[in-house]
Colleague: 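First the structure, then my questions, so here it is.
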Amino acid sequence: MHIKRSEELYSKAINLLPGGVDSPVRAFKSVGGIPLFMKEGKGSVLIDEDGNSFIDYCMSWGPMILGHGDRDVIDAVRETALHGTSFGTAHRFEVELAELVISMVPSIEKVRFVCSGTEATMSAIRLARGFTGREKFVKLDGCYHGHADFLLVAAGSGLADSGIPDSAGVTTGNAKDTLVVPYNDIDSLERIFEKEGKDIAALIMEPVPCNYGLIKPKEGYLQRVRDLCTQYGVILIFDEVITGFRLARGGAQEYYGVRPDLTTLGKIIGGGLPVGAYGGRKDIMSKIAPEGPVYQAGTLAGNPLAMAAGLASLKKTLSPGFYESLKTKTETLAERIKPALSKFSKVHFDFIESIFCFYFTDKKTITSVNDVRACDMKLFAKFHNAMLKRGIYLSPSGYEVGFFSSAHSDEDIDKTAAAIYESLEEIF
Ligand SMILES: *Cc1c(COP(=O)(O)O)cnc(C)c1O
């Protein structure tokens with residue numbers, strides 16, 4: 001593979017941007033090699049500066065559920081931009097997107113738009129603290145909620161890779177109110193609620209962790225979490241930045257039939273533009289300024305271009321059979337690669353709807369962060385390289401998941417299945 005232009009750009013970038021990138025996992029550190037510089041996305045395909053094309057399963061880390069450069073999304077952004085890019089005032093797209101989000105996500109009665117998932121989770125915790133008057137909160141080991149100081153404790157993803165248990169620069173004061181328990185372990189949660197429940201404002205969790213491999217909830221786990229939160233007056237926050245509009249129109253809360261008090265959203269909600277949101281019970285949301293005493297603001301929050309892109313994207317997910325068809329794509333791939341997977345004992349593949357993950361381990365079920373920690377990430381790195389060589393772009397970390405979009409075709413799946421087979425042959 002010829003990557004001369006990427007090499008040139010990277011050699012400039014490393015002197016200008018820390019690590020040559022604007023977000024750490026993009027740097028290919030855990031899989032080796034240099035990051036490829038992309039110049040175009042079209043449907044399921046990414047094309048780099050040297051003209052190599054790849055079937056993409058990173059999908060900008062989740063947002064591109066319609067594939068890259070969707071015509072309707074581009075048209076909406078272009079049309080909106082002709083009237084101005086930011087007003088710093090109220091405008092109609094905020095109202096339209098709010099209406100749509102509230103109609104889609106079961107537990108959301110009111111919503112506030114922000115510019116990223118990080119802002120959404122950070123603000124939701126502040127809101128839960130302001131509402132309850134309590135200071136501590138619980139997060140689950142391995143769940144990632146963006147990079148606010150007090151959430152950079154036992155987080156997944158980029159942190160898992162760089163081997164930093166917490167980030168430098170996060171003070172003990174900042175981390176001291178963050179209590180951590182393992183995901184899928186209801187007894188630990190019960191113990192911590194028994195001991196400190198009256199001081200705990202919130203429990204924040206990814207209902208299905210997708211930033212530390214993919215871990216599915218045990219039968220009944222989410223409902224037990226819901227019940228314990230109700231019992232102790234703890235605000236339950238589902239961080240659905242990945243699962244929202246992905247597992248179902250209404251996210252994991254619809255998929256599993258469990259209602260959180262607050263929900264954080266990001267990724268798909270912006271259709272590829274910078275949008276985050278948090279929303280939930282009216283009585284809680286009305287504590288946000290200017291209605292209530294919890295301050296939160298944003299110069300570009302609810303930006304018209306971003307709202308227009310989100311609206312155009314979400315509207316398309318409403319078409320009949322949209323999620324069924326996405327799921328069929330993942331199922332088809334799973335079916336195609338079964339023979340390859342059964343040939344090699346040290347690889348496992350799992351998926352939920354259109355989210356999938358490869359694990360290099362002897363285990364055949366993954367239920368905890370420890371199961372993911374035990375995976376062989378060096379093997380993943382080899383697999384990643386072997387796939388890239390064959391024109392398949394996976395997220396450059398074994399802790400990340402892959403995503404199907406509605407733009408992935410049967411032909412893409414055929415090519416991907418063949419590449420998986422060959423790559424496994426090569427690395428084992
Ligand atoms: C990506 C992600 C975030 C952070 O969103 P940003 O837009 O990157 O700030 C928060 N929570 C989850 C579950 C995520 O996957």
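Order of listing sets the numbers, starting from 1, for every ligand and every atom in it. Just so it is clear, the values below take in all heavy atoms, side chains as well, and ignore hydrogens, waters and symmetry mates.
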Colleague: Once ring-ring contact (aromatic ring centres under 6.0 Å, His included) is applied, do any residues pair with Y323, and if so which ones, sequence neighbours excluded?
Modeller: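 Here no residue qualifies.
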Colleague: Give the ring-plane orientation class for H384 versus F380, where under 30° counts as parallel, over 60° as perpendicular and anything between as tilted.
Modeller: tilted
Colleague: Listing request: all salt bridge (charged side-chain N to carboxylate O under 4.0 Å, His left out) pairs with a residue in residues 173-193, at least two apart in sequence or in separate chains.
Modeller: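 Pairs touching residues 173-193 that pass the test: E190-R224.
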Colleague: Counting only pairs under 3.5 Å, give me each side-chain donor-acceptor contact of residues 288-305, with atom names and distances, residues two or more places apart or in other chains.
Modeller:
unit_1: E291; atom_1: OE1; unit_2: K110; atom_2: NZ; d: 3.3
unit_1: E291; atom_1: OE2; unit_2: K110; atom_2: NZ; d: 2.8
unit_1: Q296; atom_1: OE1; unit_2: R112; atom_2: NH1; d: 3.0
unit_1: Q296; atom_1: OE1; unit_2: Y278; atom_2: OH; d: 2.8
unit_1: N303; atom_1: OD1; unit_2: L305; atom_2: N; d: 3.0
unit_1: N303; atom_1: OD1; unit_2: A306; atom_2: N; d: 3.1
unit_1: N303; atom_1: ND2; unit_2: T85; atom_2: O; d: 2.8

Colleague: Hey, which residues fall under 4.0 Å of ligand 1 on heavy atoms?
Modeller: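 Close residues (ligand 1, cut-off 4.0 Å): S116, G117, T118, Y144, H145, G146, E206, N211, D239, V241, I242, K267.
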Colleague: Over 60° means perpendicular and under 30° means parallel, so tell me whether Y57 and H408 are parallel, tilted or perpendicular.
Modeller: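 It falls in the parallel class, under 30°.
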Colleague: Dump the intermediate steps for salt bridge (Lys or Arg N to Asp or Glu O under 4.0 Å) on D350 and K216, then the final yes or no.
Modeller: CA-CA 10 Å; D350 201 3; K216 294 183 194 170; 3.1 Å; yes
